[in-house]
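Have a look at the structure below before the remarks.
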Amino acid sequence: MSLDQTVCEDLKAFERRLTEVISSLQPATLRWRILLGFISVCTAVGAWYWLTDPITSTVPFTQSLWNHPFFTVASFILVILFLLGVHRRVIAPSIITQRARSVLGDFNMSCDDTGKLILKPTRPSHLHDT
């Protein structure tokens with residue numbers, strides 16, 4: 001097997017593994033996006049009811065939170081999700097492709113959002129006039 005064939009096989013194996021990693025993250029990423037979106041909507045709806053309640057401005061803060069348990073629980077869950085790093089799990093595939101592009105750039109290559117390799121045209125060598 002020649003060196004060119006070995007390099008080609010290595011690139012194909014790398015591409016297969018990269019696409020496998022990115023595609024395996026997609027189902028989990030979708031679930032985290034749905035969860036984060038749902039909790040965000042719940043928090044926004046709860047906040048609307050909390051802020052439009054005329055009693056909110058007359059009672060102490062803690063009492064107004066007790067009066068609106070939907071908003072309180074949704075807000076608490078949203079904060080916990082962000083502290084656990086769910087926002088990074090939502091964009092995990094794009095983080096991996098961004099890092100892969102950064103490394104592949106040194107080899108005059110890139111990749112698309114699914115992990116398929118993109119070979120860039122070779123850079124023209126500069127001719128020196130004598």
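Quick note: numbers below take in every heavy atom, side chains included, and nothing from hydrogens, waters or symmetry partners.
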Using a 4.5 Å cut-off on heavy atoms from C-beta on, say whether the side chain of [Y] contacts that of [X].
X    : Y    : answer
V86  : L35  : no
N108 : L119 : no
H68  : T56  : yes
L51  : F71  : no
W50  : L65  : yes
I118 : M109 : no
I22  : T114 : no
L18  : C111 : yes

To the nearest 0.5 Å, how far apart are [atom1] in [X] and [atom2] in [Y]?
X   : Y    : atom1 : atom2 : answer
T58 : Q63  : OG1   : CD    : 9.5 Å
R99 : I96  : CZ    : CD1   : 8.0 Å
T97 : L104 : OG1   : CG    : 10.5 Å

* To do: Answer yes or no: does atom CD of Q98 have more than 12 heavy-atom neighbours from other residues, nucleotides or ligands under 6.0 Å?
  => no
* Give the C-alpha distance, both sets of side-chain angles, the deciding distance and a yes or no for side chain to side chain contact (heavy atoms under 4.5 Å, CB included) between S64 and I55. => CA-CA 8 Å; S64 71; I55 301 172; over 6 Å; no
Using the rule that Ile, Leu, Val, Met, Phe, Trp and Tyr join whenever any side-chain heavy atoms are under 4.5 Å apart, tell me whether [X] and [Y] fall into a single cluster.
X   : Y    : result
L81 : I95  : yes
L36 : F76  : no
F14 : F107 : yes
I91 : L78  : yes
I77 : W32  : yes

* Main-chain N/O of T72 paired with S75 side-chain donor or acceptor, under 3.5 Å -> no
* Main-chain N/O of L117 paired with E15 side-chain donor or acceptor, under 3.5 Å -> yes
* To do: Please name the pair of heavy atoms, one in P27 and one in S24, separated by the smallest distance, quoted to 0.1 Å.
  => CD-O, 3.6 Å
* Determine, for D113 against R101, whether the closest basic-nitrogen to carboxylate-oxygen distance falls under 4.0 angstrom. => yes
* Between R17 and E20, is there a salt bridge with N-O shorter than 4.0 Å? -> yes
